[in-house]
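In this text, all values refer to a predicted model and were calculated from it rather than measured experimentally.
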Number of protein chains: 2
Amino acid sequence: MSRIRDKKRTAILNAACEEFANHGFAGTKIVDIASKINLPKANIYYYFESKQVLYRHVLDSFIQPLLMATAPFDQYDHPAEALTDYIKLKIEISKNHPNASKVFANEILHGAPHLPADIIEKLTQQTSRASEKLQQWVDRGLMDDINPLHLLFSLWASTQTYADFNWQIKLHLKTDCISEQDYTDATETLIKVILKGCGVATQVAK
Amino acid sequence: MSRIRDKKRTAILNAACEEFANHGFAGTKIVDIASKINLPKANIYYYFESKQVLYRHVLDSFIQPLLMATAPFDQYDHPAEALTDYIKLKIEISKNHPNASKVFANEILHGAPHLPADIIEKLTQQTSRASEKLQQWVDRGLMDDINPLHLLFSLWASTQTYADFNWQIKLHLKTDCISEQDYTDATETLIKVILKGCGVATQVAK
DNA sequence: AAAAAACTTGACCCAAAAGTCAGGTTTTAG
DNA sequence: CTAAAACCTGACTTTTGGGTCAAGTTTTTT
């Protein structure tokens, strides 16, 4: 078993993720990925057959965390718990995978030209599930009459912004690096506004 | 006075805006901008000296609408009115300038490599102003104790998502084109959730 | 130890796309 | 009407960057 192969492949993928995040697919040069980890360009091509393939791997690596995030909607049967956990999870993802998130955001921004059809299918299904669950809660009077899809769009945008547009976040928070406290503030603010805004402010007694 | 010049320049800028929005700076080919409006590539270079310059013009064209959007924070002295108008305005911008918005989003996503320093300065000042105004309202008890910056981040993200990530919006709304009704629903949902979420739900009697 | 397998890389090739320009046509000013 | 100014573009040069490859070195296997 070749240990070198795995080590170098992940090193390359990490460097590629950062480059793709900062420059997009077309703007990224293989030679820059290589020099970021002190390798000659040809070495990259020994491990990955093309720029496309490398990009796809980076993109794929983000799909799993993304699909996992909707778990709270299946797990709980009350909007207060589900929404709270969902927001926490999504902010956590932004904190832990800022670069992969940017690559994904870039992909969506440009109309998802490299996103495989089966991934799109999975994402739409997840969204339908979450949306239906929210509608049920609305119908059962557990929350205000909020359009589920638009609520989801807002949640996605508000949480992913801490990864995708972190340049802007850092600018206005006047910091070089979004701190632990900032993420906590973001999570707290969002939970406070969304729960109250949906009419599920305080956790009802069970 | 050359009428041709102005007409063609704006035609080129419009085509360029769409191409840059869909493919990013590096992914856009001058020849594609040209053929989109049935011009030979060399003609583009007669009107704009370089791809960089063309891109800067597209980017600049979005700055004014963007800076205008904060007007409600100066105009009103109550969060209910200001937030309502701000959300309406921002959604309107997403509806009317989806391409320019995408170009701007792409710029921020990649760390604003082409954004002039004076624009950045203006944006930070606007944000400080809006943020201070929100804090005043919190202090005067006109709204709940919400972190102003994080609230702004959320508002930006939630409104811009209808332009920047419209591919995703269309996918989940199962439509080819976001309808007037969809924008109305988005605006309504956001206003409802944000106002109630901030504790300024119903407009208080003056 | 020696053969096989895995890894490395400088030098190269080539397609794509930015950018130029000379010599033309059209428009405008007087 | 004519001369200057503005406009147009096919054909060209230049640069960039993805991808290849042959000739190595290192590691693993037997």
Side-chain angles (χ1 to χ4, degrees), chain A residues 1-60 99 102-103 106-107 110-111 113-116, chain B residues 1-60 99 102-103 106-107 110-111 113-114:
Chain A
M1 59 222 74
S2 73
R3 207 174 261 106
I4 292 179
R5 188 164 186 83
D6 291 347
K7 275 264 204 301
K8 292 199 78 168
R9 276 179 68 99
T10 59
I12 291 168
L13 283 169
N14 285 338
C17 187
E18 197 172 329
E19 287 298 305
F20 284 132
N22 290 332
H23 309 293
F25 178 77
T28 293
K29 300 169 219 168
I30 295 291
V31 68
D32 286 347
I33 296 173
S35 64
K36 168 165 292 207
I37 46 180
N38 298 310
L39 290 180
K41 181 179 64 160
N43 201 215
I44 304 287
Y45 282 97
Y46 178 72
Y47 288 102
F48 295 93
E49 60 185 295
S50 70
K51 189 180 174 182
Q52 280 275 351
V53 166
L54 188 49
Y55 182 77
R56 279 285 254 289
H57 277 271
V58 169
L59 204 53
D60 279 353
N99 289 323
K102 282 184 184 185
V103 175
N106 203 41
E107 189 61 22
H110 297 146
H114 303 95
L115 209 61
Chain B
M1 59 221 74
S2 74
R3 207 172 262 104
I4 293 178
R5 188 164 186 82
D6 291 347
K7 276 264 202 304
K8 292 199 76 169
R9 276 178 69 98
T10 59
I12 292 168
L13 283 169
N14 284 338
C17 187
E18 198 172 327
E19 286 298 304
F20 284 131
N22 290 329
H23 309 292
F25 178 78
T28 293
K29 302 168 215 169
I30 296 291
V31 69
D32 286 347
I33 296 173
S35 63
K36 168 166 291 208
I37 46 180
N38 298 309
L39 291 180
K41 181 181 63 161
N43 202 208
I44 304 286
Y45 282 98
Y46 178 71
Y47 288 102
F48 295 93
E49 60 186 295
S50 71
K51 189 181 174 182
Q52 280 274 352
V53 166
L54 187 50
Y55 182 77
R56 279 286 255 289
H57 276 271
V58 169
L59 203 54
D60 278 353
N99 289 323
K102 282 185 185 186
V103 175
N106 203 41
E107 189 61 22
H110 297 148
H114 303 94

Colleague: C:dC7, D:dG19, D:dC21: which one has an atom nearest the side-chain heavy atoms of A:K41?
Modeller: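 The answer is D:dG19.
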Colleague: Any idea which of D:dC8, D:dG18, C:dT9 is nearest the B:K8 side chain?
Modeller: D:dC8
Colleague: Tell me, do A:P116 and A:R56 make a side-chain contact under 4.5 Å, heavy atoms counted?
Modeller: yes
Colleague: Using whole Å, what does the distance between atom P of nucleotide D:dG18 and atom CG of A:N43 come to?
Modeller: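 Roughly 16 Å, once rounded to whole Å.
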Colleague: Which word best sums up how the rings of B:H114 and B:F25 line up, parallel for under 30°, tilted for 30 to 60°, or perpendicular for over 60°?
Modeller: tilted
Colleague: Given 3.5 Å as the limit, does a donor-acceptor pair link the side chain of A:K36 with the main chain of A:N14, or not?
Modeller: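 Answer holds: no.
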Colleague: Using a 4.0 Å cut-off on heavy atoms, which residues in residues 20-40 of chain B reach DNA chain C? List them by number, or say none.
Modeller: B:T28, B:K29, B:I30
Colleague: Picking from D:dC8, C:dT8, C:dT20, which would you name as closest to the side chain of B:Y46?
Modeller: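 The answer is D:dC8, which lies nearest to the side chain.
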Colleague: Among D:dG19, C:dA18, C:dC7, which nucleotide has an atom closest to any side-chain atom of A:S50?
Modeller: D:dG19
Colleague: Please determine if a side-chain N or O atom of A:R5 lies less than 4.0 Å away from the OP1 or OP2 oxygen of C:dC7.
Modeller: yes
Colleague: What does the inter-axis angle of the helix from C:dA1-D:dT30 to C:dG30-D:dC1 come out as, five pairs per end, nearest 10 degrees?
Modeller: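 What I find for the helix from C:dA1-D:dT30 to C:dG30-D:dC1 is an axis angle of 20°.
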Colleague: Between C:dT8 and A:Y47, is there an OP1 or OP2 to side-chain N/O distance shorter than 4.0 Å?
Modeller: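 Affirmative; the distance criterion is met.
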